[in-house]
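Got a structure for you, written out below as structure tokens; questions coming shortly.
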Amino acid sequence: MRYSIGELAHRTGLTVKVVRFYSDRGLVPPSGRNTAGQRRYDDAALARLDVIRILRDLGIDLATIRRVIDGETTIAEVSAKHAEAVEAQIGVLRRRSAVLKAVANRGPAPEESSLVHKRAVLSEVERQCLVGDFLADAVGDRPELAGIIRTLTPDFPENPSPEQEEAWTELAALMRDTEFRANLRRLADGHEAGLRRDLAAEVRDAVTPAVAAGITPKSPAAKAIVEGLGRDPAELRQWLNVVNDPRRERYLELLGVINGWAAPESLAPAFDWLAEAMAA
């Protein structure tokens, strides 16, 4: 059976404009044309449109839909990945909801009419939403990593010092850095898998004395230290590429300023030494 664009639209509940849009982009190619040169479509096109409509209703992008139609992936695989993304978005929205409810529950303040007060409240909402987005993307909502989440969470004081305000400005920029988020996510995934648990502490304990003693990374003694870690070289190199990110150390420094914590110990010298020893 052959259908016109109007008949396809009627049978699928889509508009003629939408059907033509999908056809023009090759998602629903015509099977031929009538004597007047108008496009005609077969039952396969009708089935494609039903799939496209369902996937679009679920929020799947057109590029992914094209891969499904072309047989490069399956609806089941796409649905599973999309479900994970939706769950992550739900977690972010829950955090935002909690922040907004907390602000709403404060009730009217004497200075409510003050623009300064309103700006401060909005800034706090924005700050908490940014922190929630960052932690959800970089670590995820995983109970087993609750300790890591706590150590990465800034607790901005009610009356911050100029130093803390300045630290927050820089920290917020780091939180928006998508590459930095991806690096932290790789560390969190490795921690959850048990591949790199406590490895930073092991490297610190093994390498810091060698750095202090002036042992060169290319020496036989350095080779023995690396082998003493008992880690697969490929895994160790991959871990170093992620953990030896200056943004990570800077994040922890800024976090210490905001939260009033002692300055963290710098592991950069140990990581640099180990990277050079691995290369040797």
Side-chain angles (χ1 to χ4, degrees), residues 130-131 134-135 137-140 145-156 161-280:
L130 174 59
V131 171
F134 169 74
L135 293 175
D137 191 20
V139 183
L145 299 182
I148 291 178
I149 293 174
R150 283 194 298 271
T151 62
L152 293 177
T153 302
D155 185 15
F156 202 70
S161 66
E163 184 183 20
Q164 288 171 318
E165 289 275 13
E166 187 176 346
W168 166 254
T169 300
E170 187 177 347
L171 190 76
L174 280 176
M175 286 182 169
R176 294 186 178 97
D177 188 327
T178 55
E179 185 180 344
F180 176 56
R181 288 188 180 198
N183 266 0
L184 287 183
R185 188 162 58 249
R186 281 190 282 270
L187 280 177
D189 290 342
H191 186 283
E192 184 181 27
L195 298 176
R196 306 174 182 88
R197 188 166 297 139
D198 300 327
L199 185 50
E202 293 176 24
V203 170
R204 178 197 62 207
D205 295 343
V207 175
T208 300
V211 175
I215 297 175
T216 62
K218 297 182 180 181
S219 66
K223 181 179 179 182
I225 291 171
V226 173
E227 292 175 347
L229 291 172
R231 300 281 177 159
D232 176 76
E235 177 193 327
L236 195 55
R237 287 191 184 91
Q238 184 182 25
W239 175 80
L240 269 176
N241 289 337
V242 177
V243 76
N244 198 19
D245 183 346
R247 290 169 296 190
R248 173 181 169 275
E249 189 157 296
R250 183 55 180 163
Y251 182 94
L252 296 177
E253 290 173 356
L254 295 168
L255 196 64
V257 172
I258 293 172
N259 290 358
W261 296 342
E265 174 189 5
S266 175
L267 295 180
F271 292 153
D272 291 340
W273 185 97
L274 181 59
E276 190 174 346
M278 292 287 294

Main-chain N/O of Asp155 paired with Asn259 side-chain donor or acceptor, under 3.5 Å: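 Such a contact is found between Asn259 side chain and Asp155 backbone.
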Main-chain N/O of Met175 paired with Arg181 side-chain donor or acceptor, under 3.5 Å: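 Flag set: sc Arg181 to bb Met175 pair under 3.5 Å.
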Salt bridge (Lys or Arg N to Asp or Glu O under 4.0 Å) pairs, two or more places apart, involving residues 259-280: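 Pairs touching residues 259-280 that pass the test: none.
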From CA spacing to verdict: side chain to side chain contact (heavy atoms under 4.5 Å, CB included), Thr178, Asp137: CA-CA 9 Å; Thr178 55; Asp137 191 20; 5.9 Å; no
Distance, nearest 0.5 Å, that separates CG of Leu152 from CG of Leu135: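 It comes to 6.5 Å.
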Glu165, CD atom: more than 12 neighbouring heavy atoms under 6.0 Å: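 Enclosed: over 12 neighbouring heavy atoms sit under 6.0 Å from CD of Glu165.
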By side-chain contact (heavy atoms from CB on, under 4.5 Å) - contacts of Arg250 (at least two apart):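 With neighbours one apart ignored, the set is Glu170, Leu174, Glu253, Leu254.
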Which side-chain N or O atoms in residues 219-226 pair as donor and acceptor under 3.5 Å with protein atoms at least two apart or in another chain?
from   : atom 1 : to     : atom 2 : distance (Å)
Ser219 : OG     : Thr216 : O      : 2.7
Ser219 : OG     : Ala222 : N      : 3.2

Point-to-point distance, once rounded to the nearest 0.5 Å, from CZ of Arg186 to CG of Asn241: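 Nearest 0.5 Å value for the CZ-CG distance: 9.5 Å.
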Test log, rule side chain to side chain contact (heavy atoms under 4.5 Å, CB included), inputs Ile215 and Trp273: CA-CA 10 Å; Ile215 297 175; Trp273 185 97; 4.2 Å; yes
Heavy-atom closest contact (Val211 atom, Ala270 atom, distance):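 Closest approach of Val211 to Ala270: CG2-CA, 4.5 Å.
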With sequence neighbours excluded, residues passing side-chain hydrogen bond (donor to acceptor under 3.5 Å, both in side chains) with Ser266: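 Only Glu249 meet the side-chain hydrogen bond (donor to acceptor under 3.5 Å, both in side chains) criterion with Ser266.
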Side chain to side chain contact (heavy atoms under 4.5 Å, CB included) between Val242 and Leu184, worked out: CA-CA 8 Å; Val242 177; Leu184 287 183; over 6 Å; no
Any residue meeting salt bridge (Lys or Arg N to Asp or Glu O under 4.0 Å) with Arg247, in chain and number order, not counting sequence neighbours: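 For Arg247, the residues satisfying salt bridge (Lys or Arg N to Asp or Glu O under 4.0 Å) (neighbours in sequence not counted) are Asp177, Glu179, Asp245.
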Pairing residues for Ala275 by the side-chain contact (heavy atoms from CB on, under 4.5 Å) criterion, not counting sequence neighbours: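 Once residues adjacent in sequence are excluded, the partners of Ala275 under the side-chain contact (heavy atoms from CB on, under 4.5 Å) criterion are Leu240.
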Point-to-point distance, once rounded to the nearest 0.5 Å, from CD of Glu166 to CG of Leu171: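 Separation between the atoms: 12.5 Å.
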Partners meeting salt bridge (Lys or Arg N to Asp or Glu O under 4.0 Å) with Arg248 (sequence neighbours left out):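 So Arg248 forms no salt bridge (Lys or Arg N to Asp or Glu O under 4.0 Å) with any residue.
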Side chain proximity check, Val203 to Leu267, heavy atoms < 4.5 angstrom: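 They are not in contact (no side-chain heavy atoms under 4.5 Å apart), so the answer is no.
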Set of side-chain contact (heavy atoms from CB on, under 4.5 Å) partners for Pro233, sequence neighbours left out: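 So Pro233 forms a side-chain contact (heavy atoms from CB on, under 4.5 Å) with Arg237, Met278.
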Nearest-0.5 Å distance that lies between atom CD in Gln164 and atom OG1 in Thr169: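 Answer for the CD-OG1 pair, Gln164 versus Thr169, is 12.0 Å.
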Distance, nearest 0.5 Å, that separates CG of Leu252 from OG1 of Thr151: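 Output value for this atom pair is 7.5 Å.
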Qualifying residues under ring pair (Phe, Tyr, Trp, His ring centres under 6.0 Å), relative to Phe271, sequence neighbours excluded: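 Phe271 satisfies ring pair (Phe, Tyr, Trp, His ring centres under 6.0 Å) with Trp239 only.
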For Ala173, side-chain contact (heavy atoms from CB on, under 4.5 Å) partners two or more places apart: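 Result, side-chain contact (heavy atoms from CB on, under 4.5 Å) vs Ala173: none returned.
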